Protein chains: 2
Amino acid sequence: MADVAKEAGVDKATVSRVLRGDPRISSKTREKVWEVIKRLEYKPNALARGLSERKSGLISVEVEEQQFSGLNRFLKGINRIMATVNKEPIIYVADDFEASFLRSRFVAHKVEGIIWVGSPPPDVDFPLIAVGETIDKHVSIVPFWEDLAQMIIKLADGRRIVFAGDTKPNRTLKVKLKGYKGKGKNSLWVCDGTLPKGIGRLINSNYEIDQDSGFKEEYFRKGDMLLLFDERDFAKAMGGYCIHFPCFEMGVLAAKLLVNILRHRDVPFKNLVRFSIE
Amino acid sequence: MADVAKEAGVDKATVSRVLRGDPRISSKTREKVWEVIKRLEYKPNALARGLSERKSGLISVEVEEQQFSGLNRFLKGINRIMATVNKEPIIYVADDFEASFLRSRFVAHKVEGIIWVGSPPPDVDFPLIAVGETIDKHVSIVPFWEDLAQMIIKLADGRRIVFAGDTKPNRTLKVKLKGYKGKGKNSLWVCDGTLPKGIGRLINSNYEIDQDSGFKEEYFRKGDMLLLFDERDFAKAMGGYCIHFPCFEMGVLAAKLLVNILRHRDVPFKNLVRFSIE
DNA sequence: TTGTACGCGTTATCAT
DNA sequence: ATGATAACGCGTACAA
């Protein structure tokens, strides 16, 4: 910065002001300084800026979920927003880190806010967006499971409903679907644990196995409505439907909400994100 | 830090030395200082430290892959190592960021090194680990596709081989498998694009469809060997095999290699990671 | 509109 | 073995 200042024949403070878009700087000076900045390929030092401003420009993303196949889309959504406001996300996959350990890292790096996927600890004193579950104490983003259930029931039109894949449907969805009565003998099957576990249990149960297809008869029968999360082409290949889990949208929303909180704006407390079925 | 120093009756410099484990400090002083640090819940400021040391303790993880369902495991592997050496990963999902934009962020935040998933730009001047493909110019981590091909061929024992799911097998694997001749009419099918696209193409082809199971006949026949990446229980439910993509191991390895590079140690240039089949 | 000077919280270099 | 002090690079009152 000192180099730029000297080269442009102004003071460091002026360079700083130009950089920060201070309106008091004359356009002549501003243009001159920008010219030098570009010519010298000067990049401000985020550490020094952070030290001076007492904030780092870093936000933290905590991910507890073991199975989160849409994580890259979620992060992409976050980045899309953060890149426009000069904030950098730090990501942890936190399942095995304890809260106190994480906290000390937040403090050390002067993290400005947190996006927490899963259920955040109750006593965090950082700006926090909770993603996935409604937490009374925090602004939260929740997939609109009730709406998904309605869509599925309508689409099923009496068929038995079968899920496949490793994405874990929420409890709300399962409860909703439990109320559904189809036409078949077993009008509905939804596993009661995570899906992989549920499937494992089925395999070990005493249903007959269709040796011809290599496919478990009790798992997927003729006439069933098969549902997969996010594997669009695979689902179609199997004659089923794909539920689009709105990970990208959730990332975008989480980032926007956090930015607004950091700017002391009011934000809606509970935010629902819609699924779509294809 | 000044508070701690005053409270412990020593100088700031001494506190700093205690914190950094300087061996010249007497054990009496050390214990006293640690006591005060804990009592006051003092946490060092990473920004100030970084400013002074001219490095941030930040490393960057770039992810180009659109489909990377093991990203959370990969990041967990990275974190596992980084947490032991006081380095924090910043993650970008970078498919839509241009190199110059990323570079300026690296510079601004004094990023110490980069883990790049995909094919990194040729002219980066940061310590860099390339993950997924062998890049002559960089230390790289590559899944051992050749080995996987051997395992599959041995396990198939003449059966036709069919992949499913959204994970994209590497070109090497496909080339290797092309050399394989099984017993069936079509001894082998591997799609020639990404898998989802390949599946989509099959659906639109003129094969017959098995209406009984709702399953496409041409996609998966009796006697075929079905392979899925990482969906263990689902694969088993379908009577197939699960290929374990070693994402966690790759994350751990990437982090270890990068740390060693930052410590100016020699590291192997090409690193293979083994699959396992279950 | 721009310059001066101090503070931000560490580490590192001299001293002692 | 420890203390005093100068960087580190930037933002910002306060002055001019």
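The chains referred to below are lettered A, B, ... by the order of the sequence lines, with proteins before strands, and numbering in each begins at 1. For clarity, every value in this text was computed on a predicted model and none was experimentally measured.
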- Just to confirm, is there a sub-4.0 Å distance from OP1 or OP2 of C/dT11 to any side-chain nitrogen or oxygen of B/S16? yes

- B/L51 CG to D/dC8 P, straight-line distance once rounded to whole Å: 9 Å

- Message: Which label fits A/Y92 and A/F106: parallel for a plane angle under 30°, tilted from 30 to 60°, or perpendicular past 60°?
- Response: tilted

- Once you round it to whole Å, what is the distance between P of C/dG3 and CG of A/D11? 5 Å

- Message: Is B/R24 close enough to D/dA1 that one of its side-chain N or O atoms is under 4.0 Å from OP1 or OP2 there?
- Response: no

- Message: Using whole Å, what does the distance between atom P of nucleotide C/dT11 and atom CZ of B/R49 come to?
- Response: 4 Å

- Please test A/R30 against A/D22 for salt bridge (charged side-chain N to carboxylate O under 4.0 Å, His left out), starting from the C-alpha separation and ending with a verdict. CA-CA 10 Å; A/R30 181 175 18 242; A/D22 192 312; over 6 Å; no

- Item | N/O (side chain, A/T14) to phosphate O (OP1/OP2, C/dT2) under 4.0 Å | no

- Task: Take atom NZ of B/K55 and atom C1' of D/dG9, then tell me their distance rounded to the nearest Å.
- Result: 18 Å

- Query: Between B/R20 and C/dA12, does any side-chain N or O lie under 4.0 Å from OP1 or OP2?
  - Reply: yes

- Message: Among D/dA1, D/dG3, C/dG9, which nucleotide has an atom closest to any side-chain atom of B/S26?
- Response: D/dA1

- Can you tell which of C/dC14, C/dT10, C/dG3 lies closest to the side chain of B/K12? C/dT10

- Could you give the CZ-to-C1' distance, from A/R17 to C/dT1, as a whole number of Å? 9 Å

- Query: Phosphate oxygens OP1/OP2 of C/dT2: is one of them under 4.0 Å from a side-chain N or O of A/T29?
  - Reply: yes

- Item | Interatomic distance where CG belongs to A/D22 and P belongs to D/dT12 [whole Å] | 9 Å

- Task: Kindly say whether, by distance alone, the side chain of A/S52 makes a donor-acceptor pair under 3.5 Å with the base of D/dG9?
- Result: no

- Query: Hey, does the side-chain of B/R54 have a donor or acceptor N/O within less than 3.5 Å of a partner on the base of D/dG9?
  - Reply: no

- Query: Of B/E53 and B/I25, whose closest DNA chain D nucleotide lies nearer the 5' terminus?
  - Reply: B/I25

- Task: Please work out whether the ring planes of A/F229 and A/F245 are parallel, tilted or perpendicular, with thresholds of 30° and 60°.
- Result: tilted

- Query: Given that A/P23 and A/A13 both sit by DNA chain C, which one's nearest nucleotide is further toward the 5' end?
  - Reply: A/P23

- Query: Can you find a pair of side-chain heavy atoms, one from A/K110 and one from A/E53, that are under 4.5 Å apart?
  - Reply: no

- When rounded to whole Å, the CE to C1' distance for the pair A/M1 and C/dG3 reads 13 Å

- Message: Nearest whole Å is fine: how far is D/dG9 P from B/L47 CG?
- Response: 15 Å

- Item | Neighbour count above 12 (heavy atom, 6.0 Å) for A/K256 NZ | no

